[in-house]
Amino acid sequence: MSEYMRRVIAWLALSLVIQVQGSADIMKDVTLGFGEALQHCREESQLTEEKMEEFFHFWRDDFKFEDHELGCAIMCMSRHFNLMTDSHRMHHENTDKFIKSFPNGEMLSKQMVQIIHTCEQQFDSVEDHCWRILRISECFKLACIAADIAPSMELLIAEFIMEAEN
């Protein structure tokens, strides 16, 4: 990890004034809600079934951000929820509303939008939209882990099991 990336993550972690109890639960809900668009975007982004399954491991420590198709899928999913502008940048207002649409989402919306915005600025010069979105996603994940708002894989797996049983 670059020194700049470490400083960005440290800055984000230090700048978080309010640490919300249960923020991982909120992030879990947002993650699952965002993930609902994955099936819709599978074909458009040319994501194989295997790569699609890997996507569910986004929050694992060993998740690899190396497939162009994954960046394309995340971009498609963002467009599905109208979270991007025509220039393929985050639509701040729509992203804020999307996060707030989940239980207690208002507790994390500003923080998440700021993290995404900071990551976007860091990779703004990457011309290929799919690669840029993939780099932003990796930055977002690392910043969320540093800020202690990332959901655990155990929490997500438990939710997947509960949803599968319904």
- Task: Please examine the side chains of Leu134 and His68, heavy atoms only from C-beta on, and report whether any two atoms are closer than 4.5 Å.
- Result: no
- Would you indicate whether the side-chain heavy atoms of Ser109 and Phe98 approach each other to under 4.5 Å? no
- Query: Closest heavy-atom contact between Leu70 and Phe63?
  - Reply: CD2-CZ, 3.3 Å
- Roughly how far, to the nearest 0.5 Å, is CD1 of Ile99 from NZ of Lys97? 13.0 Å
- Looking only at heavy atoms, what is the nearest atom pair of Asn82 and Asn94, with distance? O-ND2, 2.8 Å
- Indicate yes or no: does Glu138 engage Arg135 in a salt bridge with an N to O separation below 4.0 Å. yes
- Task: State, with a plain yes or no, whether a side-chain heavy atom of Ile136 is found less than 4.5 Å away from one of Ile74.
- Result: no
- Message: Using a 6.0 Å cut-off, check whether atom CG of Asp86 has over 12 heavy atoms from anything other than its own residue.
- Response: no
- Task: Please name the pair of heavy atoms, one in Met112 and one in Val30, separated by the smallest distance, quoted to 0.1 Å.
- Result: CE-CG1, 3.8 Å
- Working to the nearest 0.5 Å, report the span between CZ of Phe140 and NE2 of His117. 14.5 Å
- Query: Arg42 versus Glu49: any side-chain heavy-atom pair under 4.5 Å?
  - Reply: yes
- So CZ of Phe102 and NZ of Lys28: to nearest 0.5 Å the spacing works out to 10.5 Å
- Item | salt bridge (charged side-chain N to carboxylate O under 4.0 Å, His left out) contacts in which one or both residues fall within residues 120-129, not counting sequence neighbours | Arg89-Asp124
- So do Thr31 and Phe58 actually touch side chain to side chain, heavy atoms under 4.5 Å? no
- Query: Could you give the distance from CZ (Arg132) to SG (Cys119), rounded to the nearest 0.5 Å?
  - Reply: 12.5 Å
- Note on the structure: Rounded to the nearest 0.5 angstrom, the OG1-NE2 distance for Thr85 and His92 is 8.5 Å
- Item | Closest heavy-atom pair and its distance - Leu83, Thr95 | O-OG1, 3.5 Å
- Check: Asn104 side chain, Ile26 main-chain N or O, donor-acceptor pair, under 3.5 Å: no
- Considering all heavy atoms, the nearest Phe81-Ala37 contact: CE1-CB, 3.5 Å
- Message: Which residue is it: Met90, Met75, His91? I am looking for the one with a side chain to side chain contact (heavy atoms under 4.5 Å, CB included) to Met84.
- Response: Met75
- Item | Least distance between heavy atoms, Cys144 atom then Ile115 atom | SG-CD1, 4.2 Å
- Message: Using 0.5 Å steps for rounding, measure from the CE atom of Met107 to the CG atom of Asp25.
- Response: 11.5 Å
- Side chain to side chain, Leu142 and Phe65, heavy atoms closer than 4.5 Å: no
- Query: Just by distance, with hydrogens left out, do Gln122 and Thr118 show a side-chain donor and acceptor under 3.5 Å apart?
  - Reply: no
- Query: Can any side-chain N or O of Lys141 pair as donor or acceptor with the backbone N or O of Ala150 at less than 3.5 Å?
  - Reply: no
- Should the pair His80 and His40 be assigned to parallel (<30°), tilted (30 to 60°) or perpendicular (>60°) ring geometry? tilted
